[in-house]
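By convention in this document, chain letters (A, B, ...) are assigned in the order of the sequence lines, proteins followed by strands, and residues within each chain are numbered from 1.
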Amino acid sequence: MTNWERFLDTFFNGKVLARYWPDIAYGALITIELALLVVVTGIGAGLALALLRSVGIRPVNWAIVFVVDLFRALPPLVIIVLIYFGLPSIDVSPSGFVSTWLALAFVLMAFSEEIFWAGITAVAKGQWEAARSTGLTFGQTLINVVLPQAIRLTIPPLTNRTIAITKGTALGSVVAVTEILGQASSAVSNSYNPSPLMLGAAAYIIMFLPVVVLGRWVETRFAWKR
Amino acid sequence: MIETFLNPAIIAAAWPILLAGLWNTILLSLVVVPLGLAGGTVLALLAGVRHPLVRWPLMAWVDFFRAFPPLVLLIFLYAGLPFAGIELGGFGCVAIAFFLNTGAYYGEILRAGIESVPAGQSEAARSTGLSRLQTELYIVLPQAVRNVLPDLMSNTLEVVKLTSLGSVVAMPELLFQARQAQSLTYNPTPIVLAAIVYFLLLWPLVRLLSRLENRSLATRG
């Protein structure tokens, strides 16, 4: 056996790949499910908080700023571990999937609130005043006049942040979520061969590379024009 | 509630363990942040080379490591490479994974910074007799860094948070120590305490960034 053959036999072992690819494919489904849940709930909650903040009730705004700061300062893995290992002490036992989902959604909520809020404050004051003077209510002005302009500004930073946080679904493997990395790791220890890890790596690249390239395009497409 | 999540007796017992972890987290950050910055600077300078044989592989490299979850990279180095006879140890794996991952992010930020410096700056520098490298290092890079400072700081915050991944490969940093203490005491207090330590450590930076980001988006609107 030449070195090259030995390398192939170790890292791209046909038998192991054939045995474990359905596991990795199942893991990919879990990863996609988790990622979509995180993106929808995280951005939704972030937008809701930003809108609530624009109403301008002081104590509410302080609370929002604190929550946002909290989830920007804490490492996502720490939040996952805290939810997964901490809550059972008060008889709430979220699964690894739920823990990961909640933790990443909170983190994305915090980052997207900041971005949406920055976008809302970036819209010129005259826009508010003009809209209000035509007889629109506060809510109508916010939703129909300010938000459409704000969201345009927020798309590039939001896209990048969302991609970075969505990649965090791999952290779920630490709390026994059967997503790609979790499946690949247990396949490696069952087969005593690293080929499943190569398969998992390929799955991540197939899923996330198009998103990163799309993010690059979005960045130039919606770039700020000075 | 307090008895469960912030038990005073357990705080007293776990504190020295966590302090050792905090120290390692700081040390680890002091290693991986400069490493990532160095890698990013090289990538950003290379991005100035317009030749397609440099440009395309470089873009592929950066996008590849931005698409690859850092934990997957870390596990790959830690659990995969030993099969090829390469044992790097937890610290080596963390250092290499961070170099590749955060280097790509720093590189993108610095590239944007370099592109924001007007071409007249490097033309003027070259015409005074500075070499290309001198021009990049002394004229372009300092201005580039100033222009993207908030993004660099924001990425550095992410890198420090990311050091918690070291716990997965048994690096005795803050999260790892907290989990050790938690499994010894059967109580979540050490993890809550670790979270508080992370928050107190990073909150000032978060506050500062939030101000800087609001200001920069407001001037662009």
As an exercise: rank [options] by heavy-atom pairs under 4.5 Å with chain B and give me the winner.
| options | result |
| --- | --- |
| A/Ile180, A/Val188, A/Asn193, A/Leu74 | A/Leu74 |
| A/Ala201, A/Pro210, A/Ser195, A/Gly215 | A/Ala201 |
| A/Val174, A/Thr10, A/Val81, A/Asn160 | A/Val81 |
| A/Leu181, A/Val213, A/Thr169 | A/Leu181 |

Give me the atom names and distance for the closest heavy-atom approach of [X] to [Y].
| X | Y | value |
| --- | --- | --- |
| B/Lys161 | A/Arg72 | NZ-O, 2.7 Å |
| A/Ile205 | B/Ala67 | CD1-CB, 4.3 Å |
| A/Ala170 | B/Pro69 | CB-CB, 4.0 Å |

Please tell me if the side chains of [X] and [Y] come closer than 4.5 Å, counting only heavy atoms from C-beta onward.
| X | Y | answer |
| --- | --- | --- |
| B/Arg66 | A/Ile163 | no |
| B/Arg179 | A/Val78 | no |
| B/Val168 | A/Leu77 | yes |

Under 4.5 Å heavy-atom distance to chain B, tell me which part of [X] shows up: side chain, backbone, both or neither.
| X | value |
| --- | --- |
| A/Thr166 | neither |
| A/Ser189 | neither |
| A/Arg216 | side chain |
| A/Tyr84 | neither |

At a 4.5 Å cut-off on heavy atoms, which part of [X] comes close to chain A: side chain, backbone, both, or neither?
| X | answer |
| --- | --- |
| B/Thr4 | side chain |
| B/Phe5 | side chain |
| B/Val160 | neither |
| B/Leu157 | side chain |
| B/Ala194 | neither |
| B/Leu165 | both |
| B/Ile75 | both |
| B/Val62 | side chain |
| B/Thr163 | neither |

Flag if over 12 foreign heavy atoms under 6.0 Å of CH2, A/Trp21: no
Under 6.0 Å from the OH atom of A/Tyr26, do we count more than 12 heavy atoms belonging to anything else shown? no
Counting a contact as any heavy-atom pair under 4.5 Å apart, which residues of residues 12-37 of chain B contact chain A? none
Hey, could you give me the [atom1]/[atom2] distance between [X] and [Y], rounded to the nearest 0.5 Å?
| X | Y | atom1 | atom2 | result |
| --- | --- | --- | --- | --- |
| B/Ile196 | A/Leu70 | CD1 | CG | 10.0 Å |
| A/Trp117 | B/Ser210 | CH2 | OG | 11.0 Å |
| A/Leu171 | B/Ser164 | CG | OG | 7.5 Å |

Tell me if a side-chain donor or acceptor on A/Lys167 pairs with a main-chain N or O of B/Leu71 at a distance below 3.5 Å. no
Do the rings of B/Phe76 and A/Phe11 sit parallel, tilted or perpendicular, given the 30° and 60° boundaries? tilted
Ion pair A/Arg161/B/Glu158, N-O distance below 4.0 Å: yes
Tell me if the centroids of the rings in A/Phe66 and B/Phe199 come within less than 6.0 Å of each other. yes
